[in-house]
Asker: 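Take this structure first; my questions come after.
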There are 2 protein chains.
Amino acid sequence: MAVQVTRKEPLVTSATTLTARFSDWQETGFDATRCPIRNVLDRLGDRWTTLVLIALAGRPLRFNEIRRTVPDISKRMLTQTLRHLERDGMATRHVFPTKPPSVEYRLSPLGISVLDPLSSLVDWAENRFAEINRARIAFDATAGTR
Amino acid sequence: MAVQVTRKEPLVTSATTLTARFSDWQETGFDATRCPIRNVLDRLGDRWTTLVLIALAGRPLRFNEIRRTVPDISKRMLTQTLRHLERDGMATRHVFPTKPPSVEYRLSPLGISVLDPLSSLVDWAENRFAEINRARIAFDATAGTR
DNA sequence: CAGGATCCGTGGTGATACTG
DNA sequence: CAGTATCACCACGGATCCTG
């Protein structure tokens, strides 16, 4: 399979490895059940998962503690996000049978392990945020009527 | 190569830094225009952006070349994704006034710079994919009636 | 070839009310 | 406190047709 190797300037090393793996996925026809990007990144990319993940990075939290940490998430969406994290083995749920029930959510080793690459991306986002905003303003100015 | 520093207390070093920055965003009330996660990661998290980014990682591609690389993207969605990348300053668009017009898309330095953190996340996704799938199967088995 | 325009279905999301 | 259930919306994305 023609792995399109950039002969000129390799951009970055990560580019070539990404390209190589991309070819692998192509050969599977991008089967959604076998393509890690579609399966994993789509989940991380939804509106709340990343925020909840980071909220739990510091310490285990209870349901309403998370709600206070992520102010504008609804109970419904928080429940759903936590179920997804639980299902993917990224978080665990511990029920304490107190007078009013209290439920604690805690990152599993798997959930902890994603914090590292996630942090890289957040770093990038913070460092490049101003640059991106400038690009957006410039683009909207020239193409404002589009 | 993910540094599994699973120490007892502080989880991972990235966890503490994430938590710290999270507090900063909280103080801004998670203003969507100022929170890098909401602004940048939401974009990267959509259905096609990441795939197109990786497709362009190897070398510049023309419109229909990208379509062949990402087989199931529609023209509409590819156009929209490319406009977003252009607007964010991640890709540039070059029109060659040939007989049938040909348009080449190329990653900008900013777009190239995201490949590195993105690659980390893809690495993680690939390495943990089997583990996640096992967790999902186990979860669905025990909670199948939910 | 590289789009733009339009129609339209679906799923993700929020608001509200209810429960153990 | 920690959810569940139901309804309603609308933006995302696909399909189709049209253009320079």
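Throughout, a chain's letter reflects where its sequence line sits, starting with A, and its residues are numbered from 1.
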Asker: Give me the one residue out of L82(A), I112(A), L53(A) that meets side-chain contact (heavy atoms from CB on, under 4.5 Å) with M90(A).
Answerer: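 Testing each of L82(A), I112(A), L53(A) against M90(A), the sole residue satisfying side-chain contact (heavy atoms from CB on, under 4.5 Å) is L53(A).
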Asker: In chain order, what residues pass the side chain to side chain donor-acceptor pair (under 3.5 Å) check against E131(A), with sequence neighbours excluded?
Answerer: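 Here the qualifying residues are R128(A).
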Asker: Got a sec, which residues hit side chain to side chain contact (heavy atoms under 4.5 Å, CB included) with R67(B), two or more places apart in sequence or on another chain?
Answerer: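 Side chain to side chain contact (heavy atoms under 4.5 Å, CB included) list for R67(B), sorted by chain: F63(B), N64(B), K75(B), L78(B).
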Asker: So if I take every side-chain heavy atom of K75(B) and compare against dG3(D), dC1(D), dC18(D), which nucleotide ends up nearest?
Answerer: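 Between dG3(D), dC1(D), dC18(D), the one nearest the side chain of K75(B) would be dC18(D).
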Asker: Holding to side chain to side chain donor-acceptor pair (under 3.5 Å), I want the full list of residues that pass it with D72(B), two or more places apart in sequence or in another chain.
Answerer: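 With neighbours one apart ignored, the set is R38(A).
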Asker: Checking Y105(A) now: which residues fulfil ring pair (Phe, Tyr, Trp, His ring centres under 6.0 Å) with it, not counting sequence neighbours?
Answerer: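 By the ring pair (Phe, Tyr, Trp, His ring centres under 6.0 Å) rule, Y105(A) matches no residue at all.
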Asker: How far does the helix from dC1(C)-dG20(D) to dG20(C)-dC1(D) bend, going by the axes of its first and last five pairs, to the nearest 10°?
Answerer: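 Roughly 50°, once rounded to the nearest ten degrees.
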Asker: With S108(B), which residues qualify under side chain to side chain donor-acceptor pair (under 3.5 Å), at least two apart?
Answerer: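 Listed in chain order: nothing, the list is empty.
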Asker: Suppose we screen for side chain to side chain donor-acceptor pair (under 3.5 Å). Which residues come up paired with S119(B), at least two apart in sequence or across chains?
Answerer: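 By the side chain to side chain donor-acceptor pair (under 3.5 Å) rule, S119(B) matches no residue at all.
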Asker: State which residues pass side chain to side chain contact (heavy atoms under 4.5 Å, CB included) with R87(B); sequence neighbours excluded, sorted by chain then number.
Answerer: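 Counting only residues at least two positions away or on another chain, R87(B) forms a side chain to side chain contact (heavy atoms under 4.5 Å, CB included) with R136(A), F139(A), D140(A).
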Asker: Taking only residues at least two apart or on different chains, which pairs with a member in residues 13-24 of chain A satisfy salt bridge (charged side-chain N to carboxylate O under 4.0 Å, His left out)?
Answerer: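 Counting only pairs at least two positions apart or across chains, the salt bridge (charged side-chain N to carboxylate O under 4.0 Å, His left out) contacts touching residues 13-24 of chain A are R21(A)-D123(B), R21(A)-E126(B).
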Asker: Can you pull out every salt bridge (charged side-chain N to carboxylate O under 4.0 Å, His left out) where at least one residue sits in residues 100-109 of chain A? Sequence neighbours excluded, please.
Answerer: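 Qualifying pairs: E104(A)-R106(A).
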Asker: Would you jot down, in residue-number order, the residues of residues 97-106 of chain A having a non-hydrogen atom under 4.0 Å from DNA chain D?
Answerer: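 By residue number: P100(A), P101(A), S102(A), V103(A), Y105(A).
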Asker: What does the B/S/- profile of nucleotides 7-13 of chain C look like, 5' to 3', with a 4.0 Å heavy-atom cutoff to protein?
Answerer: ------B
